[in-house]
A.B. asks: 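Questions regarding the structure given below will be posed in turn.
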Amino acid sequence: MVDVVLYIHILGATAWIGGSLLLFALGILLKGKEAQEQTYEYLGPLYGYFETFWLVVLLSTGTFLFFNFNLIDVLTLDIDESKLGYMMSNKLFYVGAITLFTIVHMRIALKTHKNERTMVQKIVSRASSMMIFFLNLIVLWYAMQLRHILS
């Protein structure tokens, strides 16, 4: 059972980070504002639901694995003395940050789909999107380190 949940967790991470990389590449590689707007108009809602689904999968499977391996005890260790505690607490912090940034980003995206965004909405939306992208890479790094420590 644990192997199935871990498999689903890794599949979810692949979909989540892969989707993030795809949209990041589209934002850079699509030339012209009109091409970007058309792509995001059609791809945006689908991508949002796709990513929300996988984020829920990641949070659910991650919670299961966290409690299954009794990692809550790790968080009570002194992070200066426990590499596992340090890595786990940092990963959880960044996962929480990604979740909050995703909520902010999705609220703006759903509220303004097919409408003009204000300057503040544009800045917050783009900033949250960039934060999600970079924090994904950090969480992936911590996940690799944790897997190494736990194996």
Side-chain angles (χ1 to χ4, degrees), residues 2-30 36-37 39-77 79-80 82-113 115 117-151:
V2 172
D3 286 341
V4 171
V5 173
L6 180 59
Y7 177 84
I8 293 169
H9 190 73
I10 293 170
L11 178 65
T14 303
W16 173 263
I17 293 174
S20 177
L21 289 171
L22 173 66
L23 239 57
F24 185 77
L26 286 175
I28 292 173
L29 299 175
L30 286 177
Q36 285 182 348
E37 286 176 1
T39 301
Y40 287 125
E41 179 181 341
Y42 295 105
L43 186 60
L46 173 65
Y47 173 78
Y49 294 122
F50 175 83
E51 292 294 87
T52 300
F53 171 79
W54 287 112
L55 180 59
V56 170
V57 167
L58 283 168
L59 294 173
S60 302
T61 56
T63 300
F64 174 85
L65 293 167
F66 181 79
F67 286 110
N68 183 73
F69 290 109
N70 202 27
L71 293 175
I72 193 127
D73 290 342
V74 171
L75 297 179
T76 62
L77 299 174
I79 61 173
D80 294 327
S82 168
K83 187 173 183 179
L84 181 59
Y86 171 79
M87 293 289 178
M88 183 56 68
S89 61
N90 281 344
K91 182 182 178 194
L92 291 174
F93 171 79
Y94 291 122
V95 166
I98 287 171
T99 303
L100 288 174
F101 284 123
T102 300
I103 291 168
V104 168
H105 185 77
M106 286 294 293
R107 282 189 55 126
I108 293 171
L110 291 172
K111 183 178 180 181
T112 61
H113 183 63
N115 295 320
R117 291 182 179 175
T118 67
M119 184 58 72
V120 171
Q121 288 171 328
K122 284 180 186 177
I123 291 170
V124 172
S125 179
R126 288 181 183 163
S128 62
S129 183
M130 290 299 294
M131 289 301 294
I132 293 165
F133 176 76
F134 288 118
L135 291 177
N136 280 338
L137 301 176
I138 293 170
V139 168
L140 179 60
W141 174 258
Y142 279 108
M144 290 172 28
Q145 299 304 310
L146 286 166
R147 191 72 186 144
H148 177 72
I149 292 169
L150 291 171
S151 60

A.B. asks: Is there a side-chain contact between Met88 and Phe66 (heavy atoms, below 4.5 Å)?
C.D. replies: yes

A.B. asks: To the nearest 0.5 Å, what is the distance between CE on Met130 and OG on Ser125?
C.D. replies: 12.0 Å

A.B. asks: To the closest 0.5 Å, what do you measure between CD1 (Ile149) and OG (Ser82)?
C.D. replies: 7.5 Å

A.B. asks: Is there a side-chain contact between Thr61 and Ile10 in this structure, where contact means two heavy atoms from C-beta onward sitting under 4.5 Å apart?
C.D. replies: no

A.B. asks: Heavy-atom distance under 4.5 Å between the side chains of Asn68 and Val5, does that happen here?
C.D. replies: no

A.B. asks: Report the C-alpha separation of Arg107 and Val124 in whole Å, then their side-chain angles, then the decisive distance to 0.1 Å, and conclude whether the side chain to side chain contact (heavy atoms under 4.5 Å, CB included) test is met.
C.D. replies: CA-CA 11 Å; Arg107 282 189 55 126; Val124 172; over 6 Å; no

A.B. asks: Please round to the nearest 0.5 Å and tell me the distance separating atom CD of Gln145 and atom CG of Leu150.
C.D. replies: 11.5 Å

A.B. asks: Under a 4.5 Å cut-off applied to non-hydrogen side-chain atoms, are Ile132 and Trp16 in contact?
C.D. replies: yes

A.B. asks: Calculate, to the nearest 0.5 Å, the distance between atoms NZ and CD1 belonging to Lys122 and Ile108 respectively.
C.D. replies: 12.5 Å

A.B. asks: Quick one: CG on Leu137 to CG on Leu21, what's the gap to the nearest 0.5 Å?
C.D. replies: 6.5 Å

A.B. asks: Is any side-chain heavy atom of Leu43 closer than 4.5 Å to a side-chain heavy atom of Leu23?
C.D. replies: yes

A.B. asks: Please walk me through it: do Phe101 and Phe133 pass side chain to side chain contact (heavy atoms under 4.5 Å, CB included)?
C.D. replies: CA-CA 10 Å; Phe101 284 123; Phe133 176 76; over 6 Å; no

A.B. asks: Are there over 12 heavy-atom neighbours, none belonging to Phe50, within less than 6.0 Å of that residue's CZ?
C.D. replies: yes

A.B. asks: Please report the closest heavy-atom contact between Leu135 and Ala97, naming both atoms and the distance.
C.D. replies: CD1-CB, 3.8 Å

A.B. asks: Rounded to the nearest 0.5 Å, what's the gap from CE on Met87 to CZ on Arg147? Could you check?
C.D. replies: 15.5 Å

A.B. asks: Which atom names give the shortest non-hydrogen contact between Ala143 and Lys91, and what distance separates them?
C.D. replies: CB-NZ, 4.0 Å

A.B. asks: With side chains defined as the heavy atoms from C-beta onward, is the minimum distance between Thr102 and Glu51 less than 4.5 Å?
C.D. replies: no

A.B. asks: Take atom CG of Asp3 as the centre, draw a 6.0 Å sphere, and report whether it contains more than 12 heavy atoms from other residues, nucleotides or ligands.
C.D. replies: no

A.B. asks: Which heavy atom of His105 sits nearest to which heavy atom of Ser129, and what is that distance?
C.D. replies: CE1-CB, 3.8 Å

A.B. asks: Per the side chain to side chain contact (heavy atoms under 4.5 Å, CB included) rule, which among Asn90, Val139, Asn136, Leu100 passes with Val95?
C.D. replies: Val139

A.B. asks: Please step through side chain to side chain contact (heavy atoms under 4.5 Å, CB included) for the pair Leu71 and Leu146, ending with a clear verdict.
C.D. replies: CA-CA 11 Å; Leu71 293 175; Leu146 286 166; over 6 Å; no

A.B. asks: As a quick check of understanding, evaluate side chain to side chain contact (heavy atoms under 4.5 Å, CB included) for Trp54 and Leu11, giving each step before the final call.
C.D. replies: CA-CA 9 Å; Trp54 287 112; Leu11 178 65; 3.9 Å; yes

A.B. asks: Which label fits Phe24 and Phe134: parallel for a plane angle under 30°, tilted from 30 to 60°, or perpendicular past 60°?
C.D. replies: perpendicular

A.B. asks: Hey, are the side chains of Tyr47 and Leu22 touching, using non-hydrogen atoms and a 4.5 Å cut-off?
C.D. replies: no

